[in-house]
Structures are given as structure tokens and as C-alpha cells.
There are 2 protein chains.
Amino acid sequence: MTPQRRAIVDCLAATRVHPTADEVFADVNSRFPMTSRATVYNTLNLLLDAHLVNIVEEAGLKRFDPNIEPHHHFICSICGMVEDIESPEKDQLTLLNVGNHVVESMQITVRGKCAACINRGIRADG
Amino acid sequence: MTPQRRAIVDCLAATRVHPTADEVFADVNSRFPMTSRATVYNTLNLLLDAHLVNIVEEAGLKRFDPNIEPHHHFICSICGMVEDIESPEKDQLTLLNVGNHVVESMQITVRGKCAACINRGIRADG
DNA sequence: ATCCAATTTTAGATGTATTCTAAAGGCATG
DNA sequence: CATGCCTTTAGAATACATCTAAAATTGGAT
Ligand SMILES: [Mn+2]
Ligand SMILES: [Mn+2]
Ligand SMILES: [Zn+2]
Ligand SMILES: [Zn+2]
């Protein structure tokens, strides 16, 4: 556990915004200016392999999610924001068979417009 | 509607495999050898803007889905195959509010191992 | 403390998917 | 035929991610 790795882990633990690798890099770099992108990617991939973080893909970006409890996401179609859903919906899902495939997990993605974007839009109109 | 565009639309209409842009390019190019990648990407993005196709992102790839009816997907964690779910699960989902956000759609992603990959694995073992 | 092997970090090169650009081509209209 | 508009094309440019090889750091053994 090096300072760089600690900074990366801390960055993930402190956020709920599902940052991209580049956002993690920017954050870590502000505290450890010499940290390279490669270290950030290496460490994130180590965390992935160890199942300590998950990935949420959206708009061509891989966003990293330190919340490894099964949960669902809301994604804003305007600003791209990804937010955890403290899921009552989870209980709606029975893990059932799909064809002859072996099902391991099920996840809901909810799309729409986030409150911030709606407010921005209303102000822009008025 | 040019021959290239028709070929791209036909390619999408004929498949259920959620091809990538490059897979569409390969298919179209086999019939119209001079078609460029730019035309494929341009046309796919036009179709997206017109809401005639959707995107399914997986493993860093954008896969194109001509099925614009709301539906769900099974994704194989081994081969990456994306398959529509003729959804009884759809009815499990009530389109409910998430925070102060405006919900527009909800989609289930089921992950696991596909039948083909399971068979391949069993043969490899035996 | 010194040496050494193993691991980690770094800068930059490389890879891969996608988008952009500028010129050429097609097609309809006057 | 000349004009304008849209499409296509090839290749350059961009963006995100991964790989490489050398330097730096670590921890254990002497
Ligand atoms: Mn999450
Ligand atoms: Mn589909
Ligand atoms: Zn938003
Ligand atoms: Zn499979």
C-alpha cells in the first residue's frame, strides 16, 4: 500500500459520483503531483480484479464505483451524472433464468433528467 | 437513402446480435467494398439521433441495437454476447420516482454465463 | 548499514474506438 | 451544362485506455 495507492483508494471512498479514471487521476494528482496516469489505471485495475470496485459504463466512459453492494443506478441523459439508487426496486427483481444461460446478477439502470438539470432548464426558460 | 445507408440499415435489421460499428462496417463492406468507416459511423449516429436504433455499452464497446421497443438484455461475462430478453421481468418494474429526478426509462441488465460458453467450458474440462 | 530480489511507479509509446476534416462525388433543379 | 446541396471518402486527429521498459522504492537477508 503506497501513498499513491492510498490516495486512489481514499479518492474512491470519499466520493459518490462514480469518477472516471481521469477524474481519479486529477484528484490524486492534486495531492501527489507526480502520480502518473499509468499508476492510476494500474491501481484501478488491481481494485477491479480484487472485486473492491465495480465499473459502470456510460457514454463511452468507464466510471468506477466503490460501492460493491449490489445496487442500481440513475443516469442523467443531459449531464451524464450517475447516482446510486438505494433500491426498493431491487426487491422487485427475482433472479430468474434467462434461456439456458446461468444468471449471476441483475441490475436496473434508470434513465431520465436529474433534478439539477431540470432546475437549470427551468431557469434558462424563465 | 443511398445504397450504403440501405446496406447499413439492412445489416442492422437482419441481426439480433447487437453489432459494433466495426462489425457493421465489415458486413456492409463485404457487399459495398468502397464503403468507408466514416459513412458507417455517420449513418449509425444519424439513426441514433432519429431514435431508430439504441446503444448498448459493454466492455468499452458501443453495440447498436435496432430493437427500439423497451426491452432488457442478457450479457455474457465470458464472450460478451448481448441478447435481448423477451421480458416477463419488464412487468416487474414500476416506473417510480428516484429522488427529485424525472424518470424516463428503466432497463434491466442481466449478467452471467451464456449457454454456449458453459458448453465450451464443460467440453474443455471433460 | 548494505545488498539484493521483488514490487511499484513513471514517462512515454502504443493500441483501439470514434470523430473530424477537407476534398471529391452524386444528384436534382434551373 | 451550371449550380447548390447533400453524401461519401480517406486519412488525420482525438480520446480513452493499456503496455513497455527503465528507474525508484520496498522489505528481507546478511
Ligand atoms: Mn454505484
Ligand atoms: Mn436489444
Ligand atoms: Zn443532469
Ligand atoms: Zn458467452
Side-chain angles (χ1 to χ4, degrees), chain A residues 1-12 15 17-66 73 75 77 79-82, chain B residues 1-12 15 17-66 73 75 77 79-82:
Chain A
M1 178 60 75
T2 63
Q4 292 92 336
R5 289 188 177 183
R6 185 176 310 280
I8 291 165
V9 169
D10 287 352
C11 168
L12 286 172
T15 189
V17 304
H18 305 81
T20 63
D22 222 56
E23 287 165 355
V24 173
F25 168 72
D27 182 90
V28 168
N29 215 50
S30 72
R31 282 174 287 157
F32 295 85
M34 296 320 288
T35 308
S36 77
R37 275 187 169 74
T39 295
V40 173
Y41 278 103
N42 285 345
T43 304
L44 289 173
N45 284 330
L46 284 175
L47 292 172
L48 275 177
D49 291 346
H51 300 287
L52 294 173
V53 301
N54 285 126
I55 273 192
V56 183
E57 287 189 55
E58 173 63 14
L61 293 176
K62 294 179 181 178
R63 298 187 163 274
F64 292 86
D65 189 346
H73 289 117
I75 300 179
S77 55
C79 67
M81 179 272 286
V82 177
Chain B
M1 178 60 73
T2 62
Q4 291 93 333
R5 289 187 177 183
R6 186 176 310 281
I8 291 166
V9 170
D10 288 351
C11 167
L12 286 172
T15 188
V17 303
H18 306 80
T20 64
D22 220 56
E23 287 166 354
V24 174
F25 168 71
D27 182 271
V28 168
N29 214 50
S30 72
R31 281 173 288 157
F32 295 85
M34 297 319 286
T35 308
S36 77
R37 276 187 169 73
T39 295
V40 174
Y41 278 102
N42 286 345
T43 304
L44 289 173
N45 285 330
L46 285 175
L47 293 172
L48 275 177
D49 291 346
H51 300 285
L52 294 172
V53 301
N54 285 127
I55 274 192
V56 183
E57 287 189 55
E58 173 63 14
L61 293 175
K62 293 180 182 176
R63 299 188 162 274
F64 293 86
D65 188 346
H73 289 117
I75 300 180
S77 55
C79 67
M81 179 270 285
V82 178

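Proteins get letters first, then strands, A, B, ... in listed order; numbering begins at 1 in each. These numbers were taken from a predicted model, which means no experiment stands behind them.
- Straight-line distance from the CG atom of Leu61(A) to the P atom of dC16(D): 6 Å, rounded to whole Å.
- Taking atom CG of Leu46(B) as the reference point, atom P of dC20(C) lies 13 Å away to the nearest angstrom.
- In terms of modelled atom types and a separation under 3.5 Å, the side chain of Asn45(B) and the main chain of Tyr41(B) share a donor-acceptor contact.
- Distances were taken from every side-chain heavy atom of Lys62(A) (C-beta onward) to each of dT18(D), dT18(C), dT7(D); the shortest belongs to dT18(D).
- Looking at residues 26-45 of chain B, you'll see Ala38(B), Tyr41(B), Asn45(B) sit with a heavy atom under 4.0 Å from some atom of DNA chain C.
- Contact annotation: Gln4(A) does not reach the phosphate of dT25(D) (side-chain N/O to OP1 or OP2, under 4.0 Å).
- One can place CG of Asp22(A) at 14 Å from C1' of dT18(D), the figure rounded to the nearest angstrom.
- We find that CG of Leu48(A) is positioned 9 Å from P of dT18(D), with the value rounded to whole Å.
- The nearest whole Å value for the distance from the CZ atom in Arg5(B) to the P atom in dT9(D) is 11 Å.
- Shown are Thr2(B), Val24(B), Thr43(B), Val40(B); of these, the side-chain contact (heavy atoms from CB on, under 4.5 Å) with Thr35(B) is made only by Val40(B).
- Between atom CZ of residue Arg37(A) and atom CG of residue Asn29(A) there is a gap of 8.0 Å, rounded to the nearest 0.5 Å.
- The distance from atom CD1 of Ile75(B) to atom CZ of Arg63(B), rounded to the nearest 0.5 Å, is 9.0 Å.
- At least one side-chain heavy atom of His73(A) sits under 4.5 Å from a side-chain heavy atom of Asp65(A).
- Between Phe64(A) and Thr20(A) the shortest side-chain heavy-atom distance does not fall below 4.5 Å.
- Here the P atom of nucleotide dG11(D) and the CZ atom of Phe25(B) are 12 Å apart, to the nearest Å.
- We find that CD of Glu23(A) is positioned 15 Å from C1' of dA17(D), with the value rounded to whole Å.
- Following rounding to the nearest Å, Met1(B) (CE) and dC27(C) (C1') show an atom-to-atom distance of 16 Å.
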